[in-house]
Chemist: 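This is the structure I have questions about; it appears just below.
Remember, it's 1-based here, ligands and their atoms both numbered in the order they're listed. These values consider heavy atoms only, across backbone and side chains, with no hydrogens, waters or symmetry-generated copies. Counting from 1, the numbers follow the sequence of the chain as shown.
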Amino acid sequence: MKRLLVDHHQRIVDYLRVSITDLCNLRCVYCRPPEGLQLVSHEDILRYEEILRVIRVARDLGIKKIRITGGEPLVRRGVLGFIRELINVEGIEDVGLTTNGVLLAAMAKDLKASGLSRINVSLDSLRRDTFKVITGRDNLADVLEGINSAIEVGFNPVKVNVVLLDGINEQDVPHFARLTFEKTIDVRFIERMPFGSEIVPNPPDSFSAQKAVEIIQLKVGKLQPVDSEPLDGPATMFRLNGALGRIGVIDPVTGHFCGTCNRLRLTARGTLRPCLLGPMEIDIKSALRRSASRDELAQIITGAVLAKPIGSICGRGLMKDGMNMIGG
Ligand code: SAM
């Protein structure tokens, strides 16, 4: 009989987001702690075989989908070999990757060949100067090349995730929306969540997903609602008439985000995180390192699922870690 992981609020948890590194090659203003990256020693980061062990046990419990994230997952050595092993884990039906795209152009072909199902690229501006202001780096051309390479090698759609930053990227919204006319991409606008770890004293606020919708309707065209697919996650989906790709909005700040949450997170430091927006982390690394039994690991994973809260604490400024530490 197929096992199901169900939390205290009757949500089925079948999706594990796996951060494979805290390190990143960008320095996004809303993602990094002001004191710089807290260096975690190599020894403290889960080895690939440890991550695969957690995944196999989680699979036995009901996890079917995996997303590899970070930090920036493509900077970790051996990531292609890891993905190939992961794809071969029987019962894992879908493996996706979230990347900032900087190293994607050179790796897209091998990522496709590895069996990876889906790629999300994070990109908050299509203007070079603004990209630099947001990320601290001058890599816009690399990211755009990465997106095109991913399309060329056959990822369809490539999802482009845009974090909405008040006073910074409003004018990018119509440009991103227009890209869906010419490319097989889904552009998804995401409200910035208020973590307590940003690099600047007054980090940019988000503007609302609703405002992004209004900008698009005003400057580009009517957004037709389309049915969301299971793989769209919490996004509300639309299409511009005649477009190849779709447009999505994700509203963790202004919307109701938690009722359908189906995910658990494994951090690179070997903790399970029941909720993106809550501070709780449950250690699984110690158990892995003392070669705990499968049943013990299963109990830790089940405990993390049962610890999932129903509502987020988003907006109360209690999250001290940045996304680089949590795995976005
Ligand atoms: N480096 C990869 C990337 O850029 O996609 C994966 C990790 S990154 C932490 C994952 C996503 O989290 C990115 O799309 C990033 O923009 C998003 N993110 C980081 N901090 C955020 C915040 N405070 N609110 C909303 N999204 C955030």
Chemist: I'd like to check whether S122 has a polar contact with ligand 1, where a contact means an N/O of the residue lying under 3.5 Å from an N/O of the ligand.
Modeler: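 Such a contact does occur with ligand 1.
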
Chemist: Scan side-chain atoms only and decide if D172 and N169 contain a donor-acceptor pair under the 3.5 Å cut-off.
Modeler: no

Chemist: Does an N or O from D124, backbone or side chain, lie closer than 3.5 Å to an N or O of ligand 1?
Modeler: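 The answer is no, given that D124 and ligand 1 share no N or O pair closer than 3.5 Å.
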
Chemist: Does the side chain of T99 come under 3.5 Å of the side chain of E72 through a donor N or O and an acceptor N or O?
Modeler: yes

Chemist: Should you measure from each heavy atom of G71, which atoms of ligand 1 turn up under 4.0 Å away?
Modeler: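 Near G71, the atoms of ligand 1 are 1 (N), 2 (C), 6 (C), 7 (C).
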
Chemist: Looking at ligand 1, does any of its N/O atoms fall within less than 3.5 Å of an N/O of Y30?
Modeler: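 Among all N and O atoms of Y30, at least one is under 3.5 Å from an N or O of ligand 1.
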
Chemist: Which atoms from ligand 1 have a heavy atom of E191 less than 4.0 Å away?
Modeler: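 So the atoms of ligand 1 that pass are 25 (C).
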
Chemist: Would you call K211 and E214 a salt bridge, using N to O less than 4.0 angstrom?
Modeler: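 Here K211 does not pair with E214 in a salt bridge, since their nearest N and O are not under 4.0 Å apart.
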
Chemist: Strictly by modelled atom types, are T135 and R27 linked by a side-chain donor-acceptor pair under 3.5 Å?
Modeler: no

Chemist: For C28 and ligand 1, answer yes if some heavy atom of the residue is under 4.0 Å from a ligand atom, otherwise no.
Modeler: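 The answer is no: ligand 1 sits nowhere under 4.0 Å from a heavy atom of C28.
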
Chemist: Is E90 salt-bridged to R56, cutoff N-O under 4.0 Å?
Modeler: no

Chemist: Does only the side chain of N100 get under 4.0 Å from ligand 1, or the backbone, or both, or neither? Count heavy atoms.
Modeler: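 Looking at N100 and ligand 1, atoms from backbone and side chain both fall under 4.0 Å.
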
Chemist: Find out whether the Lys NZ or Arg CZ of K112 is both under 6.0 angstrom from the six-membered ring centre of F155 and within 45° of the ring's axis.
Modeler: yes

Chemist: Hey, which atoms in ligand 1 end up nearer than 4.0 Å to a heavy atom of M193?
Modeler: 22 (C), 23 (N), 24 (N), 25 (C)

Chemist: About how many Å separate CG of N100 and CG of N161, when rounded to the nearest 0.5 Å?
Modeler: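 Reported value, rounded in 0.5 Å steps: 12.0 Å.
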
Chemist: Please determine whether any non-hydrogen atom of T99 lies less than 4.0 Å from an atom of ligand 1.
Modeler: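 T99: in contact with ligand 1 (<4.0 Å).
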
Chemist: I'd like to check whether G70 has a polar contact with ligand 1, where a contact means an N/O of the residue lying under 3.5 Å from an N/O of the ligand.
Modeler: no

Chemist: Parallel, tilted or perpendicular: which describes the rings of Y48 and F82, with under 30° parallel and over 60° perpendicular?
Modeler: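 Parallel.
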
Chemist: Any side-chain donor paired with an acceptor under 3.5 Å for K183 and N148?
Modeler: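 Distance-only check passes for K183 and N148.
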
Chemist: Near T69, which atoms of ligand 1 are under 4.0 Å from a heavy atom of that residue?
Modeler: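 Every atom of ligand 1 under 4.0 Å from some heavy atom of T69: 6 (C), 7 (C).
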
Chemist: Output yes when the distance from some N or O of ligand 1 to some N or O of P73 is under 3.5 Å, and no in every other case.
Modeler: no

Chemist: Have a look at ligand 1 and work out which part of T98, if any, has a heavy atom under 4.0 Å from it: side chain, backbone, both or neither.
Modeler: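 T98 to ligand 1: contacts from backbone and side chain alike.
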
Chemist: Check ligand 1 against V163 and write out every atom of the ligand that is under 4.0 Å from a heavy-atom position of the residue.
Modeler: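 Contacts of ligand 1 toward V163, numbered from 1: 16 (O), 26 (N).
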
